[in-house]
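Inspection log for the structure reproduced underneath, given as structure tokens.
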There are 2 protein chains.
Amino acid sequence: MITIKDIAARLKVSPSTVGRALADDSRISAATKQRVIEVASEMGYVANLAARMMRGVSSNLVGLVLPDIRNGFYSTIAHALSKCLEGGGFQLTLSETDDDRLTELHHIRELTSANVAGIIIVPTARPHPESVKLLKALPHIQLLRRHAALGEQWFGIDDTEAIYEATNHLVQLGHHRIGYVGGTDDLPTGSARLKGFHKALPRDETVVPAFVHLGAPGSVDFGREATRRLLSLTTPPTAIVAASVQTTQGVLEELTVQGVHAPDDLSVVGFGDEMGFRWWGPGLTTVGLPVSDLATACGLWFVHHIKQHSFTSAPYTSISPATLIVRGSTRQLGAVSGETANSPLHDTAN
Amino acid sequence: MITIKDIAARLKVSPSTVGRALADDSRISAATKQRVIEVASEMGYVANLAARMMRGVSSNLVGLVLPDIRNGFYSTIAHALSKCLEGGGFQLTLSETDDDRLTELHHIRELTSANVAGIIIVPTARPHPESVKLLKALPHIQLLRRHAALGEQWFGIDDTEAIYEATNHLVQLGHHRIGYVGGTDDLPTGSARLKGFHKALPRDETVVPAFVHLGAPGSVDFGREATRRLLSLTTPPTAIVAASVQTTQGVLEELTVQGVHAPDDLSVVGFGDEMGFRWWGPGLTTVGLPVSDLATACGLWFVHHIKQHSFTSAPYTSISPATLIVRGSTRQLGAVSGETANSPLHDTAN
DNA sequence: CTGAAAGCGCTAACAT
DNA sequence: ATGTTAGCGCTTTCAG
């Protein structure tokens with residue numbers, strides 16, 4: 001391994017001069033800098049990160065903490081962030097929490113001791129107090145979900161509006177007995193979406209409790225289970241709103257298994273736009289989310305502030321809007337087959 | 001930050017005693033160890049990785065280098081590995097190459113200078129000589145793809161057999177004009193799959209060159225383009241084999257757009273079993289791959305050998321078999337609608 | 001403008 | 001069984 005000492009010896013200057021030249025210190029002559037840089041690259045010098053870190057400089061590692069990378073949502077985010085951070089000279093580390101606060105804590109501890117430059121996190125419902133403490137000492141941003149204790153720096157989507165759009169679309173089509181399958185309201189996203197659901201229902205309408213099913217948003221099985229329950233009611237709903245990617249998957253799977261056809265038997269609106277959603281039945285009407293753009297914006301902001309050392313805890317919030325993508329899985333209540341022909345090939349976004 | 005000195009001062013012993021106790025050194029009395037460990041956790045001591053690394057010990061970071069995390073294949077792998085490595089006390093870092101050898105090199109350089117414990121890599125077609133050199137100095141395993149220069153430590157699937165099964169299934173159904181849309185044969189996976197395709201075709205059959213389309217395996221657009229070409233031939237194929245996840249997606253999208261229905265107009269076999277594949281048309285007949293198991297096996301092996309310091313370059317190869325999942329998108333050549341009723345709900349795996 | 005020297009936290013050889 | 005000491009490669013005062 002080539003060290004600055006080696007370079008110094010070769011150039012017959014002191015190690016500190018070399019160090020300063022490499023750091024582009026203002027009080028080193030241009031000529032010396034020039035020579036140092038030449039020799040350094042010639043000898044194949046690579047700075048020793050460990051040594052640098054020991055001097056208090058943080059690493060070029062950025063921790064990404066999220067529930068489960070297999071969720072298309074999160075892998076899109078990881079990809080976009082990876083690209084942004086790479087541009088800024090950072091490396092992404094991946095930590096999966098499985099929505100468990102202790103796993104989350106464990107990972108945050110690890111990241112802290114690895115001296116990461118910062119953390120981008122999709123927090124669990126109730127982060128452990130120690131996680132909160134550790135994060136306070138680090139530059140960090142919350143993504144998608146926001147927990148008050150973790151600060152005001154957040155990039156997310158307008159969850160309430162997204163589900164409002166979805167539900168309202170059904171209401172406009174004449175549905176009033178609408179089932180809801182989504183995340184528990186202890187999660188900020190879960191409660192925001194549920195709020196959107198309620199907001200879209202006509203005022204005088206009493207929400208039927210049996211129509212609302214809340215569970216783990218990351219669980220496909222919960223989606224299936226909830227759908228099963230909804231279908232087995234004596235007067236089942238005429239439409240279903242799924243309020244997370246995985247519950248959408250669960251709903252679709254269960255409907256397929258039970259041979260329930262959309263939109264003839266039931267209208268369905270999903271959440272997110274995974275590859276397969278457009279292929280399901282007549283094409284799934286769903287809420288499209290600008291996840292990639294969101295992550296890119298977040299990454300750029302992060303890199304910018306880290307580089308400027310301007311990572312204050314000043315509140316910053318960015319809310320991206322969702323758009324409803326109308327395909328074939330929703331229809332006017334009571335309309336017969338073929339009346340509103342939505343081809344899956346000609347999506348309508350509004 | 002709490003250091004071993006702080007602990008030493010509190011316990012009135014020397015720093016080295018503390019260090020040794022924490023390292024579970026044999027010549028420290030059990031009693032002292034006990035007290036040290038207690039006080040350490042009580043004070044919230046976290047070892048400083050930087051300092052440790054400077055002493056030559058490698059970090060607890062393991063680099064995962066792959067083309068694109070958005071591919072369901074790779075996110076499944078990342079998830080499984082993350083779990084395994086977490087169990088072994090390691091942290092995963094994510095590097096995307098986009099199948100570009102220079103990006104790959106860049107990442108490998110970064111990982112090297114970050115002193116990673118090892119690298120798990122899905123290599124590009126022709127890794128840069130310097131990448132090869134750098135990897136030689138590090139514990140590493142290849143995943144899915146294998147490049148000879150990178151050594152003999154490999155976990156993968158039997159690509160030839162996988163595509164053989166897929167193609168042979170079509171041949172058994174009477175098809176002999178079969179299109180192939182897959183990755184270029186400069187990639188080991190691409191060439192192995194193409195080999196499986198040829199192997200399944202009847203000996204006396206001349207392969208029609210216009211039926212074979214090779215391109216970037218990670219490109220959905222290539223899949224669409226190739227399908228477009230196949231369909232525009234004067235005598236188009238009666239069946240298509242897609243030989244990568246993304247090309248499968250492209251093929252399916254293009255068929256949908258062009259209004260070509262499987263299995264009536266054309267039989268299709270896909271690669272991999274992404275969420276949406278079962279929902280496409282009559283359900284996609286496809287090659288199922290034990291990706292998660294593969295990655296888990298790889299992760300366990302990796303952790304084991306790193307921990308045992310037994311990371312020799314002795315060849316080790318693990319080949320997992322693929323299984324054909326028969327759904328509705330394939331049918332006996334010439335059979336009319338409804339003849340072979342494959343419900344998407346009752347998959348047949350053989 | 002450049003050099004000398006201290007020290008970051010930890011480990012390991014060398015003493016007790 | 002424990003303590004002392006030196007040094008990993010780098011940054012950063014403090015002196016020239």
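When reading the values below, keep in mind they use all heavy atoms of this one structure, side chains included, and skip hydrogens, waters and symmetry mates. Each chain gets a letter, A, B and so on, in the order its sequence line appears, and its residues count up from 1.
Of the N and O atoms on the side chains of Thr124(A) and Glu104(A), at least one donor lies less than 3.5 Å from an acceptor on the other residue. Counted by atom type alone, Asp68(A) and Gln246(A) present zero donor-acceptor pairs between their side chains at under 3.5 Å.
Remark: P of dC10(D) and CG of Asn115(B) are 12 Å apart, rounded to the nearest angstrom. Counting to the nearest Å, the P atom of dC8(D) and the CG atom of Asn48(A) are 12 Å from each other. Rounded to whole Å, the distance from NZ on Lys5(B) to C1' on dG3(D) is 14 Å. Nucleotide dA12(C) holds its P atom 13 Å from the CD1 atom of Ile28(B), rounded to whole Å. Distance, Lys12(B) NZ to dT4(D) C1': 20 Å, rounded to whole Å. Between the CD1 atom of Ile7(A) and the C1' atom of dT2(C) there is a distance of 17 Å, rounded to whole Å. Atoms CZ (Arg20(A)) and C1' (dT2(C)) sit 7 Å apart, rounded to a whole Å. Between Lys33(A) atom NZ and dT2(C) atom P there is a gap of 10 Å when expressed in whole angstrom units.
No donor-acceptor pair under 3.5 Å is formed between the side chain of His147(A) and the backbone N or O of Pro127(A).
Within 4.0 Å (heavy atoms only), Thr3(A) reaches sugar-phosphate atoms of the nucleic acid but no base atom. Among the heavy atoms of the strands lying under 4.0 Å from Arg27(A) is at least one base atom, whether or not backbone atoms are also near.
Between the side chain of Ser16(B) and the base of dT4(D) there is at least one donor-acceptor pair of N/O atoms closer than 3.5 Å. Residue-to-nucleotide contacts include no donor-acceptor pair under 3.5 Å from the side chain of Arg55(A) to the base of dG9(C).
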Going through the distances and angles, do Gln91(B) and Glu86(B) end up as a side chain to side chain contact (heavy atoms under 4.5 Å, CB included)? CA-CA 6 Å; Gln91(B) 255 286 326; Glu86(B) 186 186 328; over 6 Å; no

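Residue Ser26(B) is the one, among Ser26(B) and Ala51(B), whose nearest nucleotide of DNA chain D lies closer to the 5' end (criterion: closest heavy atom).
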